[in-house]
Trainee: 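To start, I am sharing the structure in question, which I have written as structure tokens.
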Amino acid sequence: MKVTQPLDILRGMPSDKSRKSSRDLPTRDDIQEFSFRLRDDLKVKVQAEVPYQWQERLDEIARQLKVKKLELYRYIIGDFLGEVKPDKDT
């Protein structure tokens, strides 16, 4: 017998909005500069599955910042890994 959770339970799971609101979004220039600095580095593809709610939020952030989704994803991963550093000129 296969047991599945009702979709309503999954939709009702709380997201950590307090963390989102307490953290400022980077600027468009920050994201594009970081992506530009990575352009000559050797790269590997990262494949991940995320809940559709996250995808909608990521799409909205990319539109809001006027950056490509790939640039945003690189920035998010780089920030998490501590690789996002302020530009030396600022």
Side-chain angles (χ1 to χ4, degrees):
M1 178 166 143
K2 186 176 179 180
V3 177
T4 60
Q5 286 185 309
L7 194 52
D8 290 343
I9 291 174
L10 294 176
R11 285 188 183 140
M13 294 179 74
S15 61
D16 192 2
K17 301 229 185 227
S18 61
R19 181 172 50 169
K20 178 185 171 204
S21 63
S22 67
R23 185 172 180 170
D24 294 330
L25 292 175
T27 66
R28 177 180 189 256
D29 291 340
D30 291 337
I31 293 171
Q32 288 184 328
E33 173 63 27
F34 179 74
S35 190
F36 179 76
R37 287 186 300 198
L38 289 178
R39 82 180 195 288
D40 293 332
D41 292 345
L42 295 175
K43 295 172 191 66
V44 295
K45 289 192 181 226
V46 174
Q47 185 175 357
E49 293 181 6
V50 298
Y52 73 94
Q53 300 97 325
W54 294 10
Q55 185 62 48
E56 291 171 3
R57 289 170 50 196
L58 290 167
D59 291 345
E60 178 56 34
I61 292 169
R63 279 191 298 274
Q64 179 184 352
L65 294 171
K66 297 181 178 136
V67 296
K68 295 176 184 174
K69 286 191 287 186
L70 181 58
E71 291 174 327
L72 178 61
Y73 299 162
R74 285 178 183 157
Y75 188 90
I76 291 168
I77 293 168
D79 185 47
F80 180 81
L81 295 174
E83 296 296 325
V84 176
K85 298 184 179 36
D87 191 12
K88 293 176 186 173
D89 297 334
T90 57

Trainee: Which other residues belong to the hydrophobic cluster containing Val46, where Ile, Leu, Val, Met, Phe, Trp and Tyr are joined when side-chain heavy atoms lie under 4.5 Å apart, directly or via other members?
Mentor: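 None; Val46 is a cluster of one.
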Trainee: Ile76: which residues meet the side chain to side chain contact (heavy atoms under 4.5 Å, CB included) condition with it, sequence neighbours left out?
Mentor: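 Ile76 satisfies side chain to side chain contact (heavy atoms under 4.5 Å, CB included) with Leu58, Leu72 only.
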Trainee: Which ILVMFWY residues can you reach from Phe80 by hopping between side chains whose heavy atoms are under 4.5 Å apart?
Mentor: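 Noted: Phe80 shares its cluster with Ile77, Leu81.
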Trainee: Under the side chain to side chain contact (heavy atoms under 4.5 Å, CB included) rule, collect the residues that match up with Val50, sequence neighbours excluded.
Mentor: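 With neighbours one apart ignored, the set is Trp54, Gln55.
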Trainee: Report yes or no: is the cationic atom of Arg37 (NZ for Lys, CZ for Arg) closer than 6.0 Å to the six-membered ring centre of Phe34, at no more than 45° off its axis?
Mentor: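 Judged by the rule, Arg37 and Phe34 form no cation-pi pair.
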Trainee: Rounded to the nearest 0.5 Å, how far apart are CG of Leu65 and OH of Tyr75?
Mentor: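 The OH atom of Tyr75 is 10.0 Å from CG of Leu65, to the nearest 0.5 Å.
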Trainee: Please list, chain by chain and in numerical order, all residues satisfying salt bridge (charged side-chain N to carboxylate O under 4.0 Å, His left out) with Glu60, sequence neighbours excluded.
Mentor: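 Applying salt bridge (charged side-chain N to carboxylate O under 4.0 Å, His left out) to Glu60 gives Arg63.
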Trainee: Kindly write out the residues that satisfy salt bridge (charged side-chain N to carboxylate O under 4.0 Å, His left out) with Lys69, not counting sequence neighbours, or none if the list is empty.
Mentor: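 Residues passing salt bridge (charged side-chain N to carboxylate O under 4.0 Å, His left out) with Lys69: Asp59.
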Trainee: To the nearest 0.5 Å, tell me how far Lys66 NZ sits from Ile31 CD1.
Mentor: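 Lys66 atom NZ to Ile31 atom CD1 measures 13.0 Å (nearest 0.5 Å).
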Trainee: Step through the shown structure and confirm whether more than 12 heavy atoms of other residues, nucleotides or ligands are within 6.0 Å of CD on Gln64.
Mentor: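 More than 12 heavy atoms, drawn from other residues, nucleotides or ligands, come within 6.0 Å of this atom.
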